There are 4 protein chains.
Amino acid sequence: MTEFIWPVRVYYEDTDSGGVVYYANYLKFMERARTEWLRALGFEQDDLLNELGILFAVRRAEIDYLRPARFNDALHVTASIKNKGKASLLFQHEIRAAGDGQLLCRGQIRVACLDAAGFRPTSIPEQILTVIPDGG
Amino acid sequence: MTEFIWPVRVYYEDTDSGGVVYYANYLKFMERARTEWLRALGFEQDDLLNELGILFAVRRAEIDYLRPARFNDALHVTASIKNKGKASLLFQHEIRAAGDGQLLCRGQIRVACLDAAGFRPTSIPEQILTVIPDGG
Amino acid sequence: MTEFIWPVRVYYEDTDSGGVVYYANYLKFMERARTEWLRALGFEQDDLLNELGILFAVRRAEIDYLRPARFNDALHVTASIKNKGKASLLFQHEIRAAGDGQLLCRGQIRVACLDAAGFRPTSIPEQILTVIPDGG
Amino acid sequence: MTEFIWPVRVYYEDTDSGGVVYYANYLKFMERARTEWLRALGFEQDDLLNELGILFAVRRAEIDYLRPARFNDALHVTASIKNKGKASLLFQHEIRAAGDGQLLCRGQIRVACLDAAGFRPTSIPEQILTVIPDGG
């Protein structure tokens with residue numbers, strides 16, 4: 001599994017009066033893809049929180065908005081690992097039109113593993129790290 | 001203080017591709033007014049949570065959408081108590097155009113006091129109840 | 001098709017710092033169900049807008065919040081017609097935990113057909129009305 | 001006016017079940033600051049759309065999340081011009097705690113001027129460009 005694809009439908013809630021998806025909402029779509037990617041690897045984030053006391057938090061986001069998505073569009077949101085560290089992961093995301101595959105939006109998101117109690121950086125648990133593919 | 005007014009500006013984030021404020025977002029505006037009303041009475045909700053272990057949760061909402069608000073509109077959101085119980089409050093909200101006062105949206109929201117640990121109904125602390133005006 | 005069920009997963013974007021789904025976001029879930037219900041009947045809302053010049057707008061919402069949904073919960077959102085008029089539809093929605101079926105939230109939403117140009121009430125086109133089941 | 005400051009209060013709507021402001025919502029705060037900055041310069045975006053047929057759309061965002069903002073926090077969101085082009089503007093934003101001024105989040109947002117009809121890049125109208133300060 002080097003690239004993971006999650007389908008997203010654009011609803012009214014995602015759009016703005018410019019007639020397109022509101023720029024902050026692409027970050028929601030990318031997080032849905034990261035969440036489902038982690039679930040596909042066998043990890044539920046509420047279990048990670050309750051059993052291991054960790055959560056993942058975004059440290060940095062770089063987003064390029066290339067073409068607008070619109071109401072009722074069917075989208076494909078990808079998630080892949082670009083760089084895998086001991087305590088953080090760099091994700092690469094692409095958002096494409098489901099129909100013709102045109103690239104609409106691209107993101108690089110750095111996510112850090114935090115202990116939930118103190119919100120401080122901590123190592124990604126070994127059981128997770130071993131199943132995350134190396135980036136590249 | 002029988003009626004409290006909180007100004008709200010409509011940004012792109014609040015609108016949808018229909019060109020108007022998205023219907024769920026009026027509930028955000030009403031909650032901002034309730035929060036600021038409570039602050040004006042002298043209560044900060046993070047203190048209520050940390051010191052008294054309580055929070056307020058919505059039990060029921062009735063919203064009438066009369067005329068749409070649009071991008072960049074200046075709005076006045078009111079909050080007033082319609083009914084004051086020992087463990088819950090019924091709020092009346094109106095959202096009006098700031099310019100001509102035209103009524104756009106009206107809501108009745110029942111809010112219950114919960115203990116934050118167990119999410120169970122509990123009495124509104126006396127120190128709060130005494131300063132909340134009677135409804136009517 | 002008397003009841004339509006649409007699955008919704010709760011992501012971080014849907015929750016608030018009370019640890020539960022933010023109260024306005026249940027309205028997003030209900031609209032996703034209405035949209036997918038209409039799609040299942042054969043109608044795409046962007047086509048309705050572009051070809052017939054109509055859109056559906058919410059006139060009134062009554063929501064009962066019974067039990068909170070939480071981060072990572074899998075939900076089932078139902079949509080069914082409670083009352084079918086010439087120019088408006090009354091929807092009944094239920095939001096249940098996908099696992100044990102426990103009822104979390106219930107809504108009645110009145111939706112009016114509007115001409116998109118003037119935002120005025122208009123009749124639901126006959127081709128749509130004939131395939132919408134009678135309420136009850 | 002080399003730096004513009006817009007106050008933002010964190011409401012429940014802005015937070016997530018991690019107990020902090022949801023990462024996409026900082027982009028909403030930054031856009032509110034850009035909108036109010038433009039208003040302070042004398043320009044209303046609905047007038048720009050209706051009278052000049054232009055709107056501003058985000059092309060690229062770089063966000064660094066340094067420390068989390070939490071429920072009920074009072075924030076100061078700054079907007080300043082880092083680079084001023086003929087058809088696009090590069091904004092620098094900082095989000096600080098209103099109390100102690102601690103830096104929580106930093107963003108660079110490139111905004112392009114588009115003709116609203118075709119969503120194509122166009123020059124920023126001269127009447128706007130002349131009152132926008134040079135970046136640096």
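Please read these numbers as outputs of a predicted model, since none were measured by experiment. Letters A, B, ... mirror the listed sequences (proteins, then strands); counts begin at 1.
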Partner chain B: residue of C:A24, C:A112, C:A61 with the largest heavy-atom pair count (under 4.5 Å):
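Top option by heavy-atom pairs under 4.5 Å: C:A61.
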
Within 45° of the six-membered ring axis of C:Y26 and under 6.0 Å from that ring's centre, is NZ or CZ of B:R60 located there?
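Because its charged atom misses either the 6.0 Å distance or the 45° angle limit, B:R60 does not stack over C:Y26.
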
Is it the backbone or the side chain of C:L66 that comes under 4.5 Å from a heavy atom of chain B, or both, or neither?
backbone

Test C:Y23 against B:E31 for side-chain hydrogen bond (donor to acceptor under 3.5 Å, both in side chains), laying out the working first.
CA-CA 10 Å; C:Y23 88 122; B:E31 192 187 40; 5.7 Å; no

Would you say CZ of B:R106 has more than 12 non-hydrogen atoms from neighbouring residues, nucleotides or ligands within 6.0 angstrom?
no

Among the listed options B:N25, B:D64, B:L27, the residue most often paired with chain C at heavy-atom distances under 4.5 Å:
B:L27

Can you check side-chain contact (heavy atoms from CB on, under 4.5 Å) on C:F119 and B:V20, steps first, answer last?
CA-CA 10 Å; C:F119 255 70; B:V20 299; 3.6 Å; yes

